[in-house]
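The next block holds one structure in the form of structure tokens; read it before the comments.
Hydrogens, waters and symmetry mates are skipped; everything else that's a heavy atom, side chains included, is used. Each chain gets a letter, A, B and so on, in the order the sequences are listed, and its residues count up from 1.
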2 protein chains.
Amino acid sequence: MKQDSKLSLALHALGHMARAPGQPMTSDVIAQHNATNPVVVRRVLGLLRDKGIVLSEKGHAGGWRLARPPATITLADVYLAIGEPFLRPQPLSDMPSCAVVAAMQGTVLAAMAEAEAVLIRHFTACTIADLGAAMQDGMQQAMRNSL
Amino acid sequence: MKQDSKLSLALHALGHMARAPGQPMTSDVIAQHNATNPVVVRRVLGLLRDKGIVLSEKGHAGGWRLARPPATITLADVYLAIGEPFLRPQPLSDMPSCAVVAAMQGTVLAAMAEAEAVLIRHFTACTIADLGAAMQDGMQQAMRNSL
DNA sequence: GATTCTCGTAACTAATATAGTTACATGAAA
DNA sequence: TTTCATGTAACTATATTAGTTACGAGAATC
């Protein structure tokens, strides 16, 4: 797989679920869509379950489905549920022994925090329903190739 | 060392150079300031040299020094010279086979690009001279502990 | 000229993070 | 009872990054 894999895996799965809410998808099917392993899928979607974004059910006709209407789930919800922010402002040392380091940290951390805020603001403006809707829109071409 | 180590190593070194422009610092001294190895320092500062930010000289009284006045070197210059952006918007696949993936990529990449732009805008507003100046300002406490 | 100091760089090792895999337990429906 | 699905631990594989060793080359000093 690739980098940012958790977020893209999650969004991909949720986008499909948004097209058929209530109908469960198995880890196996999702794994095939993403060319990865069912266990990896469970690990990632487990994070979303902990945040009340999806539900999982065992046994026959079990699998994963949305816990809420797709229009109420934003990309920000998913991004934050994954818990691996792109920008992670963390001081190199809590008590910098050197003033240059302290000045540097302050500036860099502030810039990172603001960039992360911009990221989340964008993600808040987009819902899972929007992702699912993309398939109905003028993208029949891609739709034909999709699983 | 830690993550973001190249940028912090570079800014730390440049901050010190800004205090005594023209006076070279050796890789060894810089390495000690950062609890790392002289070779690592040369690798990082070599990137800055390629971008005309610092100069290196061999032999006696050699070492590293600023190639330009500290007030003309912004954090953005350094950040870009390092070549390891915090946000690296890169498509997971150039020709997504699934419309959900395509929609997701578009949204996520756009958000990342904007966040990166915010980051660079902040970094452009701060120069190496500002970092060096932090030592003169009301931080004598930390200054006493610094090398 | 020989020595010493410094960077330049290749090659290797170590540490870390991430993803992938195997294996097995648990629960639910057929 | 069988089958299907998740839950999770433990291990392996891979990639990235930093650290290290070693040695070459240039420049100043002795």
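- The distance from atom CH2 of B:W64 to atom P of D:dG26 is 16 Å, rounded to the nearest whole Å.
- Atom CG of A:L48 is separated from atom C1' of D:dG7 by 15 Å (rounded to the nearest Å).
- One can place CD of A:Q32 at 14 Å from C1' of D:dA5, the figure rounded to the nearest angstrom.
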Can you give me the N/O atom pairs linking the protein to nucleotides 25-30 of chain C at distances under 3.5 Å, or say none if there are none?
from: C:dT26; atom 1: O2; to: A:K58; atom 2: NZ; distance (Å): 3.2
from: C:dG27; atom 1: O4'; to: A:K58; atom 2: NZ; distance (Å): 3.4
from: C:dG27; atom 1: N2; to: A:G59; atom 2: N; distance (Å): 2.9

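- Transitive grouping of hydrophobic side chains (ILVMFWY, heavy atoms separated by less than 4.5 Å) keeps B:V39 and B:L7 in distinct clusters.
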Can you name the atoms? Protein N/O to nucleotides 9-17 of chain C N/O, anything below 3.5 Å, with the distance.
from: C:dA11; atom 1: N6; to: B:R43; atom 2: NH1; distance (Å): 3.3

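- Distance CG (A:L47) to P (D:dT6): 16 Å, rounded to an integer number of Å.
- Under the side chain to side chain contact (heavy atoms under 4.5 Å, CB included) criterion, B:Q23 pairs with B:A20, not counting sequence neighbours.
- Under the salt bridge (charged side-chain N to carboxylate O under 4.0 Å, His left out) criterion, B:R65 pairs with B:E57, not counting sequence neighbours.
- Checking the phosphate oxygens (OP1, OP2) of C:dG20, a side-chain nitrogen or oxygen of A:T36 falls inside 4.0 Å.
- Across the protein-nucleic acid pair, A:R65 atom CZ and D:dT6 atom C1' stand 14 Å apart, rounded to whole Å.
- One distance of note links CG of B:L119 with CE of B:M112; it measures 11.5 Å at 0.5 Å rounding.
- With rounding to whole Å, B:L55 atom CG is found 17 Å from C:dT6 atom P.
- Every residue two or more places apart in sequence or in another chain that forms a ring-ring contact (aromatic ring centres under 6.0 Å, His included) with A:H12 is listed here: A:H16, A:H33.
- Phosphate proximity of D:dT6 to A:S27: present, with a side-chain N or O under 4.0 Å from OP1 or OP2.
- Taking B:R49 as the reference, B:S56 meet the side chain to side chain donor-acceptor pair (under 3.5 Å) condition, with sequence neighbours excluded.
- Taking atom CG on B:L7 and atom P on D:dT17, their separation rounds to 14 Å, with Å as the unit.
- Every side chain to side chain contact (heavy atoms under 4.5 Å, CB included) that B:A10 has, sequence neighbours left out, goes to B:V44, B:L48, B:V78, B:I82.
- Residues B:N37 and A:G46 both approach DNA chain D. Their nearest nucleotides, taken by heavy-atom distance, put A:G46 toward the 5′ side.
- By the side chain to side chain contact (heavy atoms under 4.5 Å, CB included) test, B:D50 is found to be paired with no residue, residues two or more places apart in sequence or in another chain being considered.
- Residues passing the salt bridge (charged side-chain N to carboxylate O under 4.0 Å, His left out) test with B:R68, sequence neighbours excluded: B:D77.
- Summarising the geometry, the separation between CD1 on A:I30 and P on D:dG7 is reported as 11 Å, rounded to the nearest angstrom.
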